[in-house]
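Structure, as structure tokens:
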Amino acid sequence: MTLTVTTWYLEQTSPDDLVPAAAPPAEQRVRIARAEVASPEFSRFLYTSVGGDITWTDRLGWSYGQWEEFLGRPGVETWVAYERDTPAGFVELDAQAEGAVEISYFGLLPAFRGRRIGGHLLAYGTARAWDLDGRWPEREKTRRVWVHTCSKDGRYALDNYRRRGFRVYATEETEEAEVPTPGPWPGA
């Protein structure tokens, strides 16, 4: 059985495009911090925990070495949102050629969705994409931040990107085999 999947490619071409989001209520004690030590275990935990119910599968087969290689590249950053010191979600940045920075992954663990963290984390992560060259002097100044989302992602994903100032620059439809969501670990 196949499924028609729509993918939207979005971008910002100036830091002025970024529309901030309100912070979650103070009593939630939400903070965002960069995971400065490359940790394949932690990154895989975030990837599988956030993407397990929305069919993120492309990295499930990565070896420890593949995770290590990716995370060790200059300009790859993982920013993690915590609610009361518990990981709630993440945004992963991937600096590319010609001053582009891709938001390669962004999302919240299921238990933290709908708690006013997503917009705040996306705005914060996008701002970090715009100032990435300040932390990685060997990288070019950011001239473009881009991301893609698809109809398999969370139902509010596309709207959240648009509310943060991202504009759709391309759309495509593909037919994909329908597969069960993998969960955060096999059999979950």
Side-chain angles (χ1 to χ4, degrees), residues 1-12 17-25 28 30-35 42-62 76-84 86-94 101-129 145-188:
M1 184 165 247
T2 63
L3 173 70
T4 302
V5 177
T6 304
T7 302
W8 298 274
Y9 296 85
L10 302 100
E11 68 182 351
Q12 293 183 1
D17 292 341
L18 177 58
V19 178
Q28 285 179 245
V30 171
R31 66 180 175 87
I32 301 170
R34 181 174 157 214
F42 187 51
S43 289
R44 190 173 196 287
F45 157 76
L46 292 168
Y47 174 83
T48 58
S49 297
V50 169
D53 68 336
I54 50 176
T55 324
W56 287 1
T57 58
D58 59 318
R59 292 186 182 177
L60 290 180
W62 276 19
V76 170
E77 296 183 344
T78 303
W79 291 86
V80 184
Y82 296 87
E83 182 175 349
R84 294 180 304 185
T86 304
F90 77 111
V91 59
E92 182 183 86
L93 306 178
D94 181 11
V101 176
E102 179 185 7
I103 296 176
S104 47
Y105 281 95
F106 161 74
L108 300 173
L109 281 76
F112 295 90
R113 295 176 190 154
R115 299 178 54 78
R116 299 187 57 195
I117 299 170
H120 177 61
L121 175 59
L122 179 58
Y124 190 91
T126 303
R128 298 299 66 79
V145 178
W146 72 280
V147 65
H148 72 276
T149 190
C150 74
S151 53
K152 295 188 302 183
D153 283 340
R155 63 182 174 165
Y156 301 113
L158 180 60
D159 287 339
N160 191 12
Y161 290 119
R162 286 179 165 156
R163 283 192 306 271
R164 300 291 70 80
F166 283 90
R167 294 174 307 281
V168 173
Y169 68 89
T171 304
E172 67 182 22
E173 283 193 355
T174 55
E175 293 295 317
E176 294 183 11
E178 198 167 342
V179 296
T181 57
W185 54 82

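Values below: all heavy atoms of this structure, side chains included; hydrogens, waters and symmetry mates excluded.
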Any chance you could measure C150, atom SG, to I54, atom CD1, to the nearest 0.5 Å?
8.0 Å
With rounding to the nearest 0.5 angstrom, report the OG to NE2 distance, S104 to H148.
9.0 Å
When you compare the side chain of E172 with that of Y9, does any pair of heavy atoms fall below 4.5 Å?
yes
Counting C-beta onward and ignoring hydrogens, is there a side-chain heavy-atom pair between L46 and E92 closer than 4.5 Å?
no
Compile the donor-acceptor pairs under 3.5 Å between side chains in residues 108-129 and protein atoms, sequence neighbours left out, one pair per line.
from : atom 1 : to   : atom 2 : distance (Å)
R113 : NE     : L108 : O      : 3.0
R113 : NH1    : D53  : OD1    : 3.4
R113 : NH1    : D53  : OD2    : 2.8
R113 : NH2    : V50  : O      : 3.0
R113 : NH2    : D53  : OD1    : 3.1
R113 : NH2    : L108 : O      : 3.1
R115 : NE     : E83  : OE1    : 2.9
R115 : NH2    : E83  : OE1    : 3.3
R115 : NH2    : E83  : OE2    : 2.3
T126 : OG1    : L122 : O      : 2.7
R128 : NE     : D131 : OD1    : 3.3
R128 : NE     : D131 : OD2    : 3.1
R128 : NH2    : D131 : OD2    : 2.6

List the steps, then state whether side-chain contact (heavy atoms from CB on, under 4.5 Å) holds for R59 with R44.
CA-CA 8 Å; R59 292 186 182 177; R44 190 173 196 287; over 6 Å; no
Is there a side-chain contact between Y161 and T149 (heavy atoms, below 4.5 Å)?
yes
Under 3.5 Å, is there a donor-acceptor pair linking the side chains of T4 and E175?
yes
Considering all heavy atoms, the nearest Y82-A33 contact
CE1-CB, 4.3 Å
T78 side chain vs A35 backbone, donor-acceptor pair below 3.5 Å:
no
Side chains of L18 and Q12: does their closest heavy-atom pair fall under 4.5 Å?
yes
Can you confirm whether V101 sits close enough to D94 that some side-chain heavy atom of one is under 4.5 Å from a side-chain heavy atom of the other?
no
Take V147 and F166, measure what side-chain contact (heavy atoms from CB on, under 4.5 Å) needs, and give me the verdict at the end.
CA-CA 9 Å; V147 65; F166 283 90; 4.1 Å; yes
Measure the shortest side-chain to side-chain distance between I103 and W146 over non-hydrogen atoms and say whether it is less than 4.5 angstrom.
no
Determine whether W8 and Y169 make a side-chain contact, defined as any pair of heavy atoms from C-beta on separated by less than 4.5 Å.
no
Donor-acceptor pair, side chain of D159 and main chain of Y156, under 3.5 angstrom:
no
Sub-4.5 Å side-chain heavy-atom contact between T7 and T171
no
Any salt bridge between R167 and D17, counting N to O under 4.0 Å?
yes
Drop me the distance from T57's OG1 to E176's CD, to the nearest 0.5 angstrom.
8.0 Å
Roughly how far apart are R84 CZ and R31 CZ, rounded to 0.5 Å?
13.0 Å
For residues V168 and R162, report the shortest heavy-atom separation together with the two atoms involved.
CG2-NH2, 3.6 Å
Measuring centre to centre across the rings, with the benzene-like ring taken for any Trp, is Y105 within less than 6.0 Å of Y47?
yes
Please report the C-alpha distance between L93 and V76 in whole Å, then the side-chain angles of each, then the deciding distance to 0.1 Å, and finally whether the side-chain contact (heavy atoms from CB on, under 4.5 Å) criterion is met.
CA-CA 5 Å; L93 306 178; V76 170; over 6 Å; no
